[in-house]
Amino acid sequence: MQGNFIEELRWRGMLHDMIPGLEEQLAKEMTTAYIGFDPTAPSLHIGNLAAIMLLKHFQLAGHKPIALVGGATGMIGDPSGKNAEREFLSEDILRENQIGIQKQLEKFLDFHGGANSAEVVNNYDWFKEFSFLGFLREAGKFLTVNYMMSKDSVKNRLETGLSFTEFSYQLLQGYDFYHLYKTKNVRLQMGGSDQWGNITTGTEIIRRKEGSGEDEADRAFALTTPLVTKVDGTKFGKSESGNVWLDPAKTSPYEFYQFWLNTADADVPRLLRVFTLFTQSEIENMEAQHAEAPHLRILQKALGQEVTTRVHGANICEEVIEASGILFAKDAIEQLEAASESVFQQLPIYQVSPEALAECQNLTDLISVGCNHLICSSKGEARKAIQGNAISVNKVKVNNPQANIDFPLLRNKYLLIGNGKQKNYILAIR
RNA sequence: GGGGAUAUACCAGAGCGGCCAAAUGGGGCAGACUGUAAAUCUGCUGGCGAAUGCCUACGGUGGUUCGAAUCCAUCUGUCCCCA
């Protein structure tokens with residue numbers, strides 16, 4: 001084996017809990033592990049990133065990672081962490097989503113690397129043929145309701161109620177593990193710490209069906225990683241516009257990079273460990289540098305660059321970094337005029353239609369209705385933002401809501417509008 | 001099936017028949033300070049408007065009243081107790 005997977009996770013702070021004996025198993029032979037992904041959206045988001053990195057490290061350590069796309073379980077909905085019954089998704093949508101997710105995983109994992117190549121499986125493939133009776137005999141027989149009720153994910157819902165369908169979710173997920181154990185010799189399931197209950201249901205099913213653990217060869221293992229949280233207690237992975245997606249059509253590379261760049265100092269060390277492959281000494285080095293000159297934000301930049309490169313590619317990433325640099329530079333206007341076209345295209349450009357523009361009486365209209373509420377969601381908000389000194393046009397603060405829209409255009413067609421310190425928009429107005 | 005409670009803005013949660021676009025807290029946004037950070041302080045936080053203004057809103061529908069988030073009836077949802 002090439003590296004110690006568990007050790008790696010430990011120093012990165014990515015190890016929350018595991019079933020004892022796992023280290024011995026991993027040391028003994030190449031082991032196969034899987035993590036489930038929920039196909040309720042056509043793209044993964046950075047909330048999934050920690051799980052992906054888990055698989056990545058696993059593969060780097062010489063083991064074989066499998067990503068399970070929960071086509072079947074996605075049709076049901078995991079009650080963990082939810083307080084309301086979930087909406088069903090159609091089979092078609094789930095299929096499409098799976099394809100998108102698979103493509104994104106290919107950016108992280110090696111699918112053509114010999115014995116320990118990554119694989120993607122879809123549990124719909126083995127569940128679709130399953131009859132209800134078959135399932136009851138194959139899976140349901142092996143767990144008691146008492147056991148299932150004792151899971152936190154279920155207990156937390158007893159007050160508000162949960163359907164039989166959602167109650168059965170853990171059986172499905174547990175059976176996945178068993179199925180993979182039998183067909184692909186998968187010995188380990190990993191996931192976020194909220195998945196512990198679901199995962200151990202799987203190991204329990206395997207144990208009951210295959211006999212218990214004196215014979216080590218029969219054992220199945222669970223490993224969880226702590227949920228990534230922010231220092232201020234808010235959820236990690238959301239920007240103000242919602243989830244941060246890996247799909248550039250849903251979250252532009254520029255926004256993606258900005259998300260990482262804006263990480264708070266207190267959060268950065270942890271995020272670097274979880275989301276990048278920098279070594280311990282590399283990270284500690286950077287931290288030392290950061291401590292000396294925090295305003296340079298070395299850590300944030302390293303984090304942003306690393307993750308953006310992995311997700312969107314080195315070229316795009318460079319352009320995005322350059323574009324970001326331009327927008328926040330003192331001489332942004334000159335630099336914008338001089339920037340190359342490909343870099344310019346990475347900027348957050350919004351096309352204002354001539355009709356919409358014609359409707360605009362003043363700046364207030366432009367930044368609300370004129371750009372389809374991109375910048376401000378209502379005229380009132382726009383007016384308040386302008387009066388509050390938040391809005392700048394071509395880097396010059398404007399605080400007259402009635403200002404005419406006769407600003408000089410950049411490159412003959414663009415206006416640079418800033419809202420606050422962090423948000424910049426380029427409006428193409430012709 | 002019987003009885004009781006409750007329904008307020010993004011969330012939590014006040015609210016006397018007129019002084020209620022609705023206390024307070026959280027969240028969100030912005031300003032100042034900085035480093036596109038954190039903490040702190042300040043302002044904003046239904047829509048339109050330059051505005052003293054207008055419109056829409058306190059689960060739905062009707063009603064009482066000069067006037068209703070506030071009273072009455074009814075419906076719906078949720079929760080609790082009994083069978």
Side-chain angles (χ1 to χ4, degrees), chain A residues 82-85 156-163 229-244 252-272 286-287 289-305 308 320-332 335 346-348 359-370 373-393 395-404 416-426:
Chain A
K82 303 285 186 309
N83 45 26
E85 189 85 10
N156 297 338
R157 285 284 296 280
L158 284 180
E159 290 270 305
T160 53
L162 89 166
S163 64
T229 51
K230 294 202 288 180
V231 191
D232 58 10
T234 58
K235 255 209 186 114
F236 170 80
K238 303 261 184 179
S239 75
E240 80 218 50
S241 41
N243 272 325
V244 178
S252 74
Y254 171 85
E255 257 181 277
F256 189 83
Y257 176 72
Q258 286 288 321
F259 172 83
W260 297 103
L261 192 64
N262 277 311
T263 307
D265 282 12
D267 288 321
V268 163
R270 244 167 341 112
L271 300 193
L272 269 175
M286 285 190 284
E287 282 170 351
Q289 288 179 48
H290 180 89
E292 278 174 30
H295 61 282
L296 294 180
R297 286 177 300 148
I298 289 164
L299 296 176
Q300 281 91 338
K301 284 177 182 166
L303 176 65
Q305 175 168 14
T308 310
V320 166
I321 291 175
E322 194 180 337
S324 297
I326 291 176
L327 279 193
F328 290 94
K330 295 256 188 299
D331 56 345
Q335 288 201 38
Q346 291 302 335
L347 295 167
E359 301 273 312
C360 296
Q361 306 282 326
N362 50 39
L363 184 60
T364 307
D365 292 348
L366 179 65
I367 63 172
S368 54
V369 202
H373 303 107
L374 174 75
I375 303 177
C376 294
S377 61
S378 71
K379 285 194 192 184
E381 194 181 311
R383 194 176 318 106
K384 282 164 194 155
I386 295 172
Q387 287 167 343
N389 214 24
I391 301 296
S392 65
V393 177
K395 286 282 167 185
V396 180
K397 289 280 184 192
V398 176
N399 48 27
N400 172 16
Q402 303 305 308
N404 288 326
L416 170 62
I417 311 262
N419 178 16
K421 262 193 310 193
Q422 291 180 15
K423 282 171 292 186
N424 288 292
Y425 306 87
I426 305 249

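Chain letters run A, B, ... following the sequence lines, proteins first and then strands; every chain starts at 1. Note: hydrogens, waters and symmetry copies are ignored here, and every other heavy atom, side chains too, is used.
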Pairwise P distance for B:G26 and B:G62, with rounding to whole Å: 39 Å

Rounded C1' spacing from B:G27 to B:C10 in Å: 8 Å

A:Arg297 side chain reached by A:Leu261 side chain, heavy atoms, under 4.5 Å: yes

Distance, rounded to the nearest Å, where A:Trp260 contributes CH2 and B:G35 contributes C1': 20 Å

B:U78 to B:A83 separation - P atoms, rounded to the nearest Å: 23 Å

Non-neighbouring partners of A:Lys301 that pass salt bridge (Lys or Arg N to Asp or Glu O under 4.0 Å), sequence neighbours left out: none

Minimum side-chain heavy-atom gap A:Gln305-A:Ile321 below 4.5 Å: yes

C1' spacing across the pair B:G13 / B:U24, given as an integer number of angstrom: 8 Å

Rounded P spacing from B:C58 to B:A69 in Å: 8 Å

RNA chain B-proximal residues of residues 291-300 of chain A, any heavy atom under 4.0 Å: A:Pro294, A:His295, A:Arg297, A:Gln300

Distance between C1' atoms of B:A5 and B:A22 (Å, rounded): 24 Å

Distance between C1' atoms of B:G25 and B:G59 (Å, rounded): 24 Å

Whichever of A:Tyr257 and A:Gln387 has its nearest RNA chain B nucleotide further upstream toward 5': A:Tyr257

Sugar-phosphate only, base, or nothing, as touched by A:Gln258 at under 4.0 Å among non-hydrogen atoms: base

Closest-nucleotide 5' rank along RNA chain B - winner of A:Lys397 and A:Glu381: A:Lys397

Secondary-structure notation, RNA chain B, from Watson-Crick and G-U pairs under 3.5 angstrom (| other strand): (((((((..(((.....[.....)))((((((.......))))))(((....)))...(((((..]....)))))))))))).

Interatomic distance, A:Leu416 atom CG to A:Ile326 atom CD1 [nearest 0.5 angstrom]: 11.0 Å

Spacing of the P atoms in B:G53 and B:A21 (rounded, Å): 10 Å

